[in-house]
Trainee: 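One structure is given below, represented as structure tokens, and several questions about it will come after.
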Amino acid sequence: MLLLSGILVGMMFGIATYMFNSIWASIAIHFCWNVSQFILITDHKIDDQPFQYVLGTDNMLITGGEFGFESSLISILGYSVVILILLVIHKKKNNESKFE
């Protein structure tokens, strides 16, 4: 799951950079991810994290295992959704430019 999440994150950042011809698109996506991590989702309590949600399971598909929530099935689905949104936007932009 760690390998799959790493590949999808790389694709997501690469597609965003390619589409907008700037690394700032990837920086914006990464910033949104960091803001969403304001509330840490984990499978165990961490003492120095003020805002956290402790999952009541140790299922690797939900928790991401030892690596953390970034490699969970939920995050993998999120990366896939962002990739699909970027590809749909790219396709619409290409279709609009053909008719101009």
Side-chain angles (χ1 to χ4, degrees):
M1 286 183 48
L2 179 57
L3 181 63
L4 179 59
S5 64
I7 289 169
L8 288 175
V9 166
M11 287 175 60
M12 180 178 68
F13 289 142
I15 291 169
T17 300
Y18 173 76
M19 277 183 53
F20 296 100
N21 200 25
S22 172
I23 196 168
W24 286 104
S26 292
I27 291 171
I29 292 171
H30 199 288
F31 176 77
C32 290
W33 175 259
N34 288 346
V35 168
S36 76
Q37 291 296 306
F38 181 69
I39 298 175
L40 180 68
I41 300 172
T42 182
D43 62 345
H44 60 281
K45 183 163 176 42
I46 300 174
D47 292 333
D48 62 349
Q49 177 68 27
F51 303 105
Q52 58 185 299
Y53 179 77
V54 179
L55 297 168
T57 181
D58 59 351
N59 185 336
M60 192 176 99
L61 294 175
I62 297 172
T63 65
E66 290 183 21
F67 186 78
F69 190 71
E70 291 86 357
S71 66
S72 70
L73 185 60
I74 298 164
S75 295
I76 288 172
L77 291 173
Y79 305 143
S80 300
V81 167
V82 172
I83 289 170
L84 288 174
I85 290 170
L86 289 171
L87 292 175
V88 167
I89 291 170
H90 182 66
K91 185 174 182 176
K92 283 185 179 183
K93 281 174 58 174
N94 280 345
N95 286 340
E96 289 174 3
S97 66
K98 288 180 183 177
F99 294 112
E100 293 179 1

Trainee: Report yes or no: do Ile7 and Tyr18 belong to one cluster of Ile/Leu/Val/Met/Phe/Trp/Tyr joined by side chain heavy-atom distances under 4.5 Å?
Mentor: no
Trainee: What distance separates Met12 CE from Ile85 CD1, expressed to the nearest 0.5 Å?
Mentor: 11.0 Å
Trainee: Is any side-chain heavy atom of Ile15 less than 4.5 Å from a side-chain heavy atom of Phe20?
Mentor: no
Trainee: Got a sec, which residues hit side-chain hydrogen bond (donor to acceptor under 3.5 Å, both in side chains) with Asn34, two or more places apart in sequence or on another chain?
Mentor: His30
Trainee: Suppose clustering is done on Ile, Leu, Val, Met, Phe, Trp and Tyr with side-chain heavy atoms closer than 4.5 Å. Which residues sit in the same group as Ile27?
Mentor: Ile23, Trp24
Trainee: Among all residues two or more places apart in sequence or in another chain, which pass the side-chain hydrogen bond (donor to acceptor under 3.5 Å, both in side chains) test with Thr17?
Mentor: Ser26
Trainee: State the CE-CD1 distance between Met1 and Ile76, to the nearest 0.5 angstrom.
Mentor: 4.5 Å
Trainee: Could you tell me if the side chain of Phe13 sits less than 4.5 Å from the side chain of Val9, heavy atoms only?
Mentor: yes
Trainee: So how far is it from Leu77 CG to Leu84 CG, rounded to the nearest 0.5 Å?
Mentor: 10.5 Å
Trainee: Look only at the side chain of Ser22 and the backbone of Ala25, and say whether a donor-acceptor pair between them is shorter than 3.5 Å.
Mentor: no
Trainee: Going from CD1 on Ile83 to CG on Leu8, what distance comes out if it is rounded to the nearest 0.5 angstrom?
Mentor: 5.0 Å
Trainee: Between CG of Leu3 and OG of Ser5, what distance do you get to the nearest 0.5 Å?
Mentor: 8.0 Å
Trainee: Under the side chain to side chain donor-acceptor pair (under 3.5 Å) definition, can you give me all pairs with a residue in residues 76-93, not counting sequence neighbours?
Mentor: His90-Asn94
